[in-house]
Amino acid sequence: MTLNRENIIKNDDLEETNTNVKKSIVYDTQDLNLWYGQDKALKNINLSIYENEVTAIIGPSGCGKSTYLKTLNRMVELVPSVRTEGKILYREQDIFDKNYPVEELRTRVGMVFQKPNVFPKSIWENVAYGPKIHGIKDKATLNQIVEKSLKGAAIWDEVKDRLHENAFGLSGGQQQRLCIARCLAIEPDVILMDEPTSALDPISTLKVEELIHDLKKDFSIIIVTHNMQQAARVSDKTAFFLSGEVVEFSDTNKLFSTPKDKRTEDYITGRFG
Ligand SMILES: Nc1ncnc2c1ncn2[C@@H]1O[C@H](COP(=O)(O)OP(=O)(O)OP(=O)(O)O)[C@@H](O)[C@H]1O
């Protein structure tokens, strides 16, 4: 089974949003349940992720945000006790299908973690690593990919004169943008971000938030964040998770201004969590 982006965006994928712009659904999660051993961490999740939008996932510690994110690229299965029920359709194909090409999924869906996880290599090597693994050997092509990815991650100007220096010499905020560049280098469709700014200072956080805003033109982004102001600033839609369930999912403006569920209201007004 192979994924064909061009063929799978059909009209019946499209849904009306509040802006009356029809957008296609990238991920459609249907009745998803997930257990770690005996403990149920995700309960009957139904959630649609739309193309070229930023979707924020908020909720108190332990509510299942990271678990859900890691389910989207099936990384959660690295935990041996994990069991899932239900479906996640990515571009209309069920990622839990036994013939589903998981490796291909992980090249279509990039991930940025809480702490920048740069490799102990040069800046250039960090970005060229993924494309090289995918068989690109030509130096000029790699140079082009490195430049384009670093520009895409808004860090090119800061590093263009030191591409062959070790990436550990960069600041935390620069390292996180380098990780985003590394993710862009494999030309993903979706970028998953797990609290990408929680280890960064306010100025670096702002840069990454501006970058997220720019990147949604070309990618669909799902961001887990503890920071509600950040969710309000960067996202189009927000899902509020509580105890493994989605309590509310709607346009970010609506969720923060007129939440429908009392539990959402209590959380966003700081009454718990
Ligand atoms: N590897 C694991 N093995 C067993 N249980 C786990 C594992 N990872 C997470 N859990 C449990 O699953 C539940 C959801 O955890 P998860 O990390 O998804 O929550 P979270 O909302 O991302 O939390 P935080 O905001 O603190 O990162 C928690 O009860 C947690 O203890």
Side-chain angles (χ1 to χ4, degrees), residues 27 29-49 54-88 90 95-96 102 105-106 109-117 172 176 179-180 183 190-200 204-205 208-209 212 220-235 237-250 252 255-256 259 261-273:
Y27 271 112
T29 303
Q30 301 175 355
D31 301 325
L32 175 70
N33 292 286
L34 182 144
W35 291 259
Y36 289 106
Q38 299 296 311
D39 300 326
K40 198 166 185 181
L42 296 178
K43 300 170 193 163
N44 210 30
I45 307 284
N46 286 283
L47 208 58
S48 298
I49 306 291
V54 179
T55 303
I57 299 176
I58 61 167
S61 193
C63 68
K65 304 181 295 294
S66 297
T67 297
Y68 177 65
L69 200 71
K70 286 185 282 186
T71 308
L72 295 174
N73 63 356
R74 289 187 46 185
M75 242 182 72
V76 76
E77 291 168 24
L78 299 176
V79 179
S81 65
V82 160
R83 183 169 67 85
T84 55
E85 267 177 13
K87 279 187 181 171
I88 297 183
Y90 167 63
I95 66 169
F96 296 134
V102 182
L105 176 71
R106 292 189 185 140
V109 181
M111 189 151 184
V112 176
F113 298 88
Q114 184 171 8
K115 290 207 182 104
N117 57 344
Q176 193 60 305
C179 291
I180 294 172
C183 185
V190 178
I191 304 177
L192 308 177
M193 297 183 162
D194 198 352
E195 299 188 45
T197 64
S198 63
L200 305 183
S204 301
T205 296
V208 172
E209 287 184 5
I212 291 170
S220 309
I221 297 172
I222 306 161
I223 177 172
V224 164
T225 178
H226 267 123
N227 180 332
M228 283 183 276
Q229 285 77 18
Q230 178 165 75
R233 282 193 296 265
V234 303
S235 72
K237 293 207 169 58
T238 298
F240 170 52
F241 276 53
L242 186 64
S243 307
E245 290 178 72
V246 179
V247 169
E248 192 159 345
F249 176 53
S250 70
T252 296
L255 189 132
F256 283 101
D261 194 291
K262 176 81 168 55
R263 292 166 296 174
T264 315
E265 185 180 347
D266 286 349
Y267 183 70
I268 63 174
T269 54
R271 286 197 199 112
F272 72 94

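Everything numeric in this text was worked out from a predicted model, so none of it was measured. For ligands, and for the atoms within them, numbers begin at 1 and follow the listed sequence.
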Indicate, as side chain, backbone, both or neither, the part of Ala41 found under 4.0 angstrom from ligand 1 when only non-hydrogen atoms are considered. side chain

In this structure, does ligand 1 have an atom that sits under 4.0 Å from one of the heavy atoms of Gly59? no

Here the atoms of ligand 1 under 4.0 Å from any heavy atom belonging to Thr67 are 14 (C), 15 (O), 16 (P), 18 (O)

Can you tell which of Ile95, Leu72, Val190 makes a side-chain contact (heavy atoms from CB on, under 4.5 Å) with Leu105? Ile95

Considering only the protein, which heavy-atom contact is closest to atom 25 (O) of ligand 1, and what is its distance? Lys65 NZ, 2.7 Å

Closest protein heavy atom (residue, atom, distance) for atom 3 (N) of ligand 1: Tyr36 CD2, 3.6 Å

Taking the non-hydrogen atoms of Asp39, is any one of them nearer than 4.0 angstrom to ligand 1? no

Nearest to atom 17 (O) of ligand 1 by heavy atom, Ser81, Pro80, Ser66: which? Ser66

Compute the shortest N/O to N/O distance between Val79 and ligand 1 and return yes if it is under 3.5 Å, no if not. no

Atom NZ of Lys40: over 12 foreign heavy atoms under 6.0 Å: yes

Can you confirm whether some protein heavy atom lies under 4.0 Å from atom 31 (O) of ligand 1, or whether none does? no

At what distance is the nearest protein heavy atom to atom 29 (O) of ligand 1, and which residue and atom is it? Gly62 O, 4.0 Å

Backbone, side chain, both or neither: what part of Pro60 comes under 4.0 angstrom of ligand 1, heavy atoms only? backbone

Geometric class of the Phe240/Tyr267 ring pair [parallel <30°, tilted 30-60°, perpendicular >60°]: parallel

